[in-house]
Chemist: 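Input: one structure, supplied below.
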Amino acid sequence: FTPTDDTFKQYSQDIDLWCSQQLSTGAKAFMNTFQATIEYPLDNGQVLRGYHGSPRSYYEHIHPITPEEQLDEAFSGTHAAIMAGGHTHVQMLRRYKDGLIVNPGSVGLAIDRVSPFNEARNPPWGEYAIIEVEGDKLTVELHRTPFDIQAFIQTIQASGMPHADWLANEWSVIER
């Protein structure tokens, strides 16, 4: 299946619903406290702004090749030394004006774009970023850490989620 396939969409919705039903009332209440964007002060007096897709939309995609004009619209009215967001599940570090755009990737569902770049796979690693600020020195490190894909697939299949075999196959494709 591909992400544009109706079956893919239905299976994904079914799994998302099942996952949401696994959350306790307390966990859901905690998630309802999340803000659309946050500002985190850095030691050097600047700010890191965090968001999901972009500061203006949870669903917006920001890529390494997103045109400057589109970035200007997405970040209109907001400025930070570091703009940190995700949604695409793909690690990225990009200069934008006098700051940086950072996508740390995804710990639980990294996406690995393969050539041609309209294809993707689920790789057996989690991704994250470490951002350090010491005075005027700024360091951004993008990391990947592998995990046991066979144990992960077994966990999916034993979970009771709908379409578990299909989802497990989405992960096992990388071993072919």
Side-chain angles (χ1 to χ4, degrees), residues 1-13 15-16 19-20 31 34-40 47-76 78-133 138-149 151-153 155-156 163 166-176:
F1 303 134
T2 65
T4 56
D5 185 353
D6 287 338
T7 303
F8 177 93
K9 290 178 185 177
Q10 185 61 55
Y11 282 15
S12 295
Q13 287 176 355
I15 292 169
D16 287 349
C19 288
S20 71
M31 290 173 65
F34 293 178
Q35 301 172 32
T37 63
I38 61 164
E39 285 193 6
Y40 184 83
V47 172
L48 178 147
R49 179 176 300 274
Y51 50 85
H52 184 79
S54 79
R56 71 176 178 179
S57 171
Y58 180 89
Y59 299 103
E60 187 160 17
H61 290 231
I62 295 177
H63 298 282
I65 59 170
T66 299
E68 287 281 319
E69 303 79 35
Q70 193 174 337
L71 293 177
D72 291 343
E73 293 172 14
F75 297 125
S76 177
T78 185
H79 179 270
I82 302 172
M83 305 294 281
H87 189 57
T88 63
H89 295 241
V90 177
Q91 285 186 323
M92 177 184 72
L93 179 61
R94 175 179 173 173
R95 271 233 167 265
Y96 173 66
K97 300 194 185 261
D98 63 344
L100 293 174
I101 301 171
V102 177
N103 184 332
S106 176
V107 172
L109 187 57
I111 295 176
D112 189 23
R113 298 276 179 212
V114 293
S115 184
F117 289 112
N118 61 342
E119 295 182 21
R121 66 182 182 149
N122 297 335
W125 59 73
E127 298 174 329
Y128 62 97
I130 296 176
I131 299 172
E132 292 186 78
V133 178
L138 169 69
T139 305
V140 178
E141 297 176 359
L142 299 177
H143 293 269
R144 290 180 172 166
T145 187
F147 60 83
D148 182 338
I149 190 68
F152 183 71
I153 289 171
T155 301
I156 291 171
H163 317 298
W166 168 78
L167 183 60
N169 188 58
E170 289 292 300
W171 286 88
S172 61
V173 166
I174 61 167
E175 296 186 336
R176 292 185 187 147

Chemist: Taking all non-hydrogen atoms of both residues into account, name the closest pair between Phe147 and Trp125 and its distance.
Modeler: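 For Phe147 and Trp125, the tightest heavy-atom pair comes out as CE2-N, 3.3 Å.
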Chemist: Kindly indicate whether the side chain of Leu100, heavy atoms from C-beta on, has any atom under 4.5 Å from the side chain of Met83.
Modeler: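 No, too far: nothing below the 4.5 Å cut-off.
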Chemist: Counting distance only, does the side-chain N/O of His89 pair as donor-acceptor with the main-chain N or O of Leu109 below 3.5 Å?
Modeler: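 Pair found, side chain donor or acceptor close to backbone of Leu109.
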Chemist: Looking only at non-hydrogen atoms, find the nearest pair between Gly85 and Pro104 and report the distance.
Modeler: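 In terms of heavy atoms, the two residues are closest at O-CD, 3.4 Å.
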Chemist: So do the side chains of Lys97 and Asp72 get within less than 4.5 Å of each other, counting heavy atoms only?
Modeler: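 Of all side-chain heavy-atom pairs linking Asp72 with Lys97, at least one is under 4.5 Å.
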Chemist: Do the side chains of Ile101 and Phe75 get nearer than 4.5 Å, heavy atoms only?
Modeler: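 Touching, per the 4.5 Å side-chain cut-off.
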Chemist: Could you label the plane-to-plane angle of the Phe152 and Trp171 rings as parallel, tilted or perpendicular, counting under 30° as parallel and over 60° as perpendicular?
Modeler: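 Perpendicular, since the angle between the ring planes exceeds 60°.
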Chemist: How are the rings of His163 and Tyr11 set to each other: parallel, tilted or perpendicular (split at 30° and 60°)?
Modeler: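 The arrangement is parallel - the two ring planes meet at less than 30°.
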Chemist: Can you give me the closest heavy-atom contact between Glu127 and Gly105, atom names plus distance?
Modeler: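 The answer is OE1-CA, 3.3 Å.
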Chemist: Would Val90 and Asp112 count as a side-chain contact (heavy atoms from CB on, under 4.5 Å) here? Give the steps.
Modeler: CA-CA 7 Å; Val90 177; Asp112 189 23; over 6 Å; no
Chemist: Heavy atoms, side chains only, cut-off 4.5 Å: are Val102 and Gln91 in contact?
Modeler: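 No, every pair of side-chain atoms sits at 4.5 Å or beyond.
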Chemist: If every non-hydrogen atom of Ala168 is compared with every non-hydrogen atom of Ile156, which pair is closest and at what distance?
Modeler: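 Closest approach of Ala168 to Ile156, heavy atoms only: N-CG2, 4.1 Å.
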Chemist: I'd like to know whether CZ of Phe34 has more than 12 heavy-atom contacts from other residues, nucleotides or ligands below 6.0 angstrom.
Modeler: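 Yes, the 6.0 Å shell around CZ holds more than 12 heavy atoms from other groups.
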Chemist: Would you mind reporting whether Ile15 and Trp166 have side-chain heavy atoms less than 4.5 Å apart?
Modeler: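 They are in side-chain contact.
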Chemist: Met92 and Pro64: which non-hydrogen atoms are nearest, and at how many Å?
Modeler: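 Smallest heavy-atom distance, with atoms named: SD-N, 3.2 Å.
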Chemist: Return yes when atom CD1 of Ile130 has more than 12 non-hydrogen atoms of other residues, nucleotides or ligands closer than 6.0 Å, and no otherwise.
Modeler: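 Yes, enclosed.
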Chemist: Can you measure from NZ (Lys9) to CG (Asp6) and round to the nearest 0.5 angstrom?
Modeler: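 Those atoms lie 6.0 Å apart.
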Chemist: Are His61 and His63 near enough that their ring centres are under 6.0 Å apart?
Modeler: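 Between His63 and His61, which both carry aromatic rings, the centre distance is below 6.0 Å.
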Chemist: Output, in order, the C-alpha distance, side-chain angles, deciding distance and verdict of side-chain contact (heavy atoms from CB on, under 4.5 Å) for Thr88 and Asn103.
Modeler: CA-CA 8 Å; Thr88 63; Asn103 184 332; 2.9 Å; yes
Chemist: Are the side chains of Leu71 and Ile62 in touch, meaning some heavy atoms are under 4.5 Å apart?
Modeler: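 SC-SC contact between Leu71 and Ile62 confirmed.
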Chemist: One thing to verify: whether Arg94 and Glu68 come together as a salt bridge, which I'm taking to mean a side-chain N less than 4.0 angstrom from a carboxylate O.
Modeler: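 Judged by the 4.0 Å cut-off on N to carboxylate O distance, Glu68 and Arg94 do form a salt bridge.
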Chemist: Between Thr78 and Arg49, is any side-chain donor less than 3.5 angstrom from a side-chain acceptor?
Modeler: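 Per modelled atom types, Thr78 and Arg49 side chains form a pair under 3.5 Å.
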Chemist: Nearest 0.5 Å please: distance from the CD atom of Glu73 over to the CD atom of Glu60.
Modeler: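 Those atoms lie 8.5 Å apart.
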